[in-house]
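Heads up: the structure comes next, in structure tokens.
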Amino acid sequence: MIDLAGRALDVAPTLLGAELTSRLGGETVRVRLVEVEAYEGTDDPASHAYRGRTARNGVMFGPPGHLYVYRHLGLHHCANVVVGPPGTASAVLLRAAEVTAGLEVAWRRRLASGVCRAERDLARGPARLAVVLGLTREHDGMAVGGAAGDALVTLTPGTAAEEIELATGPRVGIGGSGPVAAAWPWRFWIAGDVHVSAGR
DNA sequence: CGTAAGATTTACT
DNA sequence: GTAAATCTTACGA
């Protein structure tokens, strides 16, 4: 079981290589996470929670292990997993993944609301990943389960034998949040993996 | 109540 | 490479 109670900076790297399974809509899609970003809530100028609790980000102020899904530019959804002690409003943004099961479902969902050419682009980018998993704002606050149980969304560790080469760098798309926060290397990905997003 | 800006993606020049 | 799409949230008056 993955421990989500720690700080976002500590939890984020442990999510790389982990498998996220969605049974939303009665169809199963499983992905292997290859890229995430840490958001340290109220202490992080780039976080949605930086200016305190609001109607949109309320979920982040609750207990860890829940989804925070928000709409961006009216067109896209991005999904986070809430982590850390309750009240810290920490979360990990899921930025990219490799689809390992439910490929057919993933393709249908991507083609229904956009264009997708290569298989490696199926879940390459936070909004694309949300589409593949079937996540929308309706699922904001939904609980994330472990391997056991009947949760609609579950998170399980990757294979122990798997060797992951970790890479870190500045987060993407938060340039307007201030030069300091933009420079913090709070983005984590699996080095060399083709499913990692290009960034900016 | 009005306005500005956003943790992005896609299409076009 | 640059720009447009599109709407919700947040903040100022």
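Quick note: numbers below take in every heavy atom, side chains included, and nothing from hydrogens, waters or symmetry partners. Labels below follow one simple rule: chain letters A, B, ... track the order of the sequence lines, proteins then strands, and each chain is numbered from 1.
Between Y39(A) and dA7(B), a base-stacking contact is recorded: ring centres under 5.5 Å apart, planes less than 30° from parallel.
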Give every donor-acceptor pair under 3.5 Å between a side-chain atom in residues 76-89 of chain A and any protein atom, sequence neighbours left out.
residue : atom : partner : partner atom : Å
N80(A)  : ND2  : Y68(A)  : O            : 3.2
T88(A)  : OG1  : P85(A)  : O            : 2.7
T88(A)  : OG1  : S90(A)  : OG           : 3.4

Side chains of residues 51-62 of chain A: which donor-acceptor pairs under 3.5 Å do they make with residues two or more places apart or in other chains?
residue : atom : partner : partner atom : Å
T54(A)  : OG1  : R56(A)  : N            : 3.4
T54(A)  : OG1  : N57(A)  : N            : 3.4
T54(A)  : OG1  : N57(A)  : OD1          : 3.3
T54(A)  : OG1  : N57(A)  : ND2          : 3.3
N57(A)  : OD1  : T54(A)  : N            : 2.8
N57(A)  : ND2  : H48(A)  : O            : 2.9
N57(A)  : ND2  : G52(A)  : O            : 3.2

What nitrogen or oxygen pairs link the protein and nucleotides 7-10 of chain C at under 3.5 Å?
residue : atom : partner : partner atom : Å
dA10(C) : OP1  : T54(A)  : OG1          : 2.3

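Applying the side-chain hydrogen bond (donor to acceptor under 3.5 Å, both in side chains) test to R32(A) and every residue at least two apart in sequence or in another chain returns E98(A), E162(A), D193(A).
A donor-acceptor contact shorter than 3.5 Å links the side chain of E37(A) to the backbone of V172(A). Here the side chain of E165(A) pairs no donor or acceptor atom with the backbone of G192(A) at under 3.5 angstrom.
When base pairs are accepted only as Watson-Crick or G-U wobble with both N-N or N-O distances under 3.5 Å, DNA chain C takes part in stems of 3 or more pairs at B:1-6 with C:7-12, B:8-12 with C:1-5.
Judged by a 6.0 Å distance limit and a 45° cone about the ring axis, R109(A) is not positioned over the six-membered ring of W107(A).
Within residues 90-100 of chain A, no residue approaches DNA chain C, by heavy-atom distance under 4.0 Å.
Counting any heavy atom pair closer than 4.0 Å across all strands shown, R171(A) reaches no nucleic acid atom.
The distance between atom CZ of R110(A) and atom C1' of dT8(B), rounded to the nearest whole Å, is 12 Å.
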